[in-house]
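The next block holds one structure in the form of structure tokens; read it before the comments.
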Amino acid sequence: MHLDDELRALRPRVGRPSAATVAGHRRALDTAIASGRTESGRGPGSGDGRPRWLLTVAAALAVVVAGGLTWWAATTRGDDDVRLDTGPAASPATDADTPATVTAPPATTVLDAAGQSTPTVTFAPGSGGDLACGPVTPTGDMLPAFLQLLPYEPEAASGRSTFDAEGRLITRRESERVAVEAMWPAPDRQLYAAEGQDDGVGRSDLGISYGLSSEGQTELIVKGSTGEFTALKVLTSGALDVAGPCRYIQFTVSEQGRQIARFTYDLATGDGQPALVNRGPLVTESRQVAEAPAVAAPCGGADANGAPPNEDQATQGPVAATPAQALEAFLTTPPAATYLSSGYVEMITPDGTHVYGVPIEPGDSDWVTLVTVTPLEGGWAATHVTASGC
Amino acid sequence: MDDSDAAVMRAACGDTPARFAQVFERHHDAVWAYLARAWGPEVADDLAGEVFVAAFARRHHFDPMKGELRPWLFGIATNLARGRARTAGRASRAVQRLRGRAPVDVPAVELVDDAAELGQRASQLRSAIARLRPEERELLVLYAWEELDYAGIAQALGIPIGTVRSRISRLRARLREMAADAGGPPDPDPARPRRITASGETL
């Protein structure tokens with residue numbers, strides 16, 4: 001019996017809700033309908049008519065703006081780093097992402113210690129940086145909310161914000177055990193992971209969710225294996241034109257100095273929710289092998305047609321200058337765009353063939369996807385793919 | 001009259017918001033059952049109503065081009081349940097940390113025993129399921145018990161479809177491993193991953 005069939009046989013029998021429960025739920029909905037409650041601003045009784053996604057975008061960006069403004073305020077006092085409290089600073093989560101230099105962001109308004117602001121703030125990092133991402137109008141209690149980032153160890157949490165040479169803002173909150181780093185705009189996708197860097201994308205069971213809190217504040221919740229904590233909590237409003245690299249914001253979570261997860265959000269989805277996107281390293285490691293694996297682990301489940309959706313077929317991807325670029329070109333070209341888009345191990349065989357595989361687990365000898373890239377006239381191209389398809 | 005979910009949602013977003021009541025009538029029990037299987041009947045009783053209040057408030061965000069209504073409702077339910085778990089879990093986890101134990105969040109749902117014919121294997125799987133992390137259990141409920149397709153799961157969990165595939169693959173592997181750790185006969189799944197050499201020889 002297939003594992004999926006076994007699991008289906010264990011489906012809990014939960015019955016149905018009681019009539020009283022259903023009636024109570026229906027009354028709550030009827031009340032909401034009667035009041036015309038809506039978050040979109042387009043229904044009856046709406047507020048300012050601003051779509052929620054604008055709030056979403058503004059909220060995320062306001063956080064980094066707040067960090068930048070805090071830094072700016074501190075630099076006027078002669079500090080190099082913004083320290084929001086006196087806790088110890090942990091080692092950087094990612095050496096590769098450590099800001100190189102600090103440049104001053106011009107800002108028209110500074111938040112005071114209570115997080116109050118005047119209506120207009122412009123975030124436009126300059127001084128050599130070219131990643132200005134437009135204006136934002138934050139309001140409300142932001143800076144004290146940073147202190148809620150690590151509720152388990154708030155007394156030890158510290159924070160600082162810096163800019164790298166390109167004008168990218170890096171805001172970090174860290175305690176002795178956990179560090180969260182927000183980077184906006186997110187760095188470009190990497191083809192190869194930095195040496196020794198543990199990329200957690202797609203490998204951890206961490207999650208991130210986002211929504212309005214009961215107090216009307218906007219929260220980004222990062223949930224870690226050792227607990228959970230609020231990464232961002234701000235109250236803001238405003239419209240932003242998020243385009244180009246500014247559409248991506250990246251969060252990196254580390255525990256005890258080890259990077260355990262990285263999340264990149266697309267702020268420009270336009271549908272009310274930032275979308276989690278995978279911009280992690282395409283290739284995490286490279287190794288020479290005597291023989292590369294040839295077949296991915298078969299999927300134990302069934303697809304819509306009742307057959308395991310295993311794939312094993314010749315293909316012809318776009319020709320590129322390097323094997324990794326050929327892999328990336330293959331993965332981003334339909335119909336192959338549904339294959340895993342990062343976390344590949346590069347295995348180079350004695351004949352020069354490059355086989356890229358994503359293991360079921362790090363270090364596993366079973367593979368979810370295997371793409372063979374071979375040299376062709378004019379470059380490299382994917383020529384074979386095998387995948388579990390599940 | 002077009003009576004599809006998409007049409008009802010269009011009407012609810014327009015001049016007849018009361019049409020949203022049809023959404024409740026069609027999907028309430030399914031949302032309640034999903035919450036009950038994933039987090040327990042008490043959570044379902046508490047949150048199923050909130051799901052529809054929240055969905056009504058966010059009805060303009062539903063896009064029928066991006067998926068069906070039920071996975072969208074499951075997504076709202078998932079977020080609400082996670083929020084509740086965060087609040088409820090903080091105190092217990094703090095105590096567990098003080099005792100030096102890893103936090104455990106096992107939903108208060110007992111698996112039925114109508115799969116007795118599976119015998120020891122069923123017992124091993126039940127044990128494995130009980131030890132799943134909450135996010136793994138969400139995935140298990142959606143794909144194995146609610147039987148959403150990959151696109152529906154992606155919509156409900158707000159993750160790319162490729163991530164759904166990889167997480168399900170990992171979940172299966174983890175369940176097999178945990179079930180094996182519980183003792184008993186080896187995994188009977190004939191589709192257990194196997195390795196084949198380049199010459200086609202099965203190892």
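Side-chain atoms are counted along with the backbone in the values below, which use heavy atoms only and exclude waters and symmetry mates. Chain naming here is simple, since letters A, B, ... match the order of the sequence lines and numbering starts at 1 in each.
- Contacts between B/L175 and chain A at a heavy-atom distance below 4.5 Å involve the side chain alone, from C-beta outward.
- If you measure heavy-atom distances from B/E147 to chain A, the contacts under 4.5 Å come from the side chain alone.
- Using a 4.5 Å heavy-atom threshold, the side chains of A/L7 and B/I129 count as touching.
- A/H25 and B/A44 make their closest contact through CE1-O, 3.9 Å (heavy atoms, listed as atom of the first residue, atom of the second, distance).
- B/F52 and A/L29 make their closest contact through O-CD1, 3.6 Å (heavy atoms, listed as atom of the first residue, atom of the second, distance).
- For A/R26, the parts lying near chain B are the backbone and the side chain together; criterion is any non-hydrogen pair under 4.5 Å.
- We find the CZ-CH2 distance between A/R13 and B/W145 to be 13.5 Å, quoted to the nearest 0.5 Å.
- Side-chain contact between B/W32 and A/V22 is absent, with no heavy atoms from C-beta onward closer than 4.5 Å.
- Rounding to the nearest 0.5 Å gives a distance of 5.5 Å between CZ of A/R11 and CD of B/E146.
- Taking a 6.0 Å sphere around CG of A/D351, one finds it holds more than 12 heavy atoms contributed by other residues, nucleotides or ligands.
- The 12-atom threshold is exceeded at CD of A/E311, counting heavy atoms of other residues, nucleotides or ligands nearer than 6.0 Å.
- Nearest heavy-atom pair, A/L340 versus B/S166, reported as atom, atom and distance to 0.1 Å: CD2-CB, 3.6 Å.
- Heavy atoms closer than 4.5 Å to chain A are found in both the backbone and the side chain of B/D45.
- Heavy-atom minimum distance, A/I33 versus B/A18: CG2-CA, 3.8 Å.
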Evaluation steps, side-chain contact (heavy atoms from CB on, under 4.5 Å), between A/L3 and B/L125
CA-CA 9 Å; A/L3 176 62; B/L125 278 176; 3.8 Å; yes
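- Heavy atoms of other residues, nucleotides or ligands lying less than 6.0 angstrom from CD of B/E25 number more than 12.
- Only the side chain of B/L140 comes within less than 4.5 Å of a heavy atom of chain A; its backbone N, CA, C and O stay farther away.
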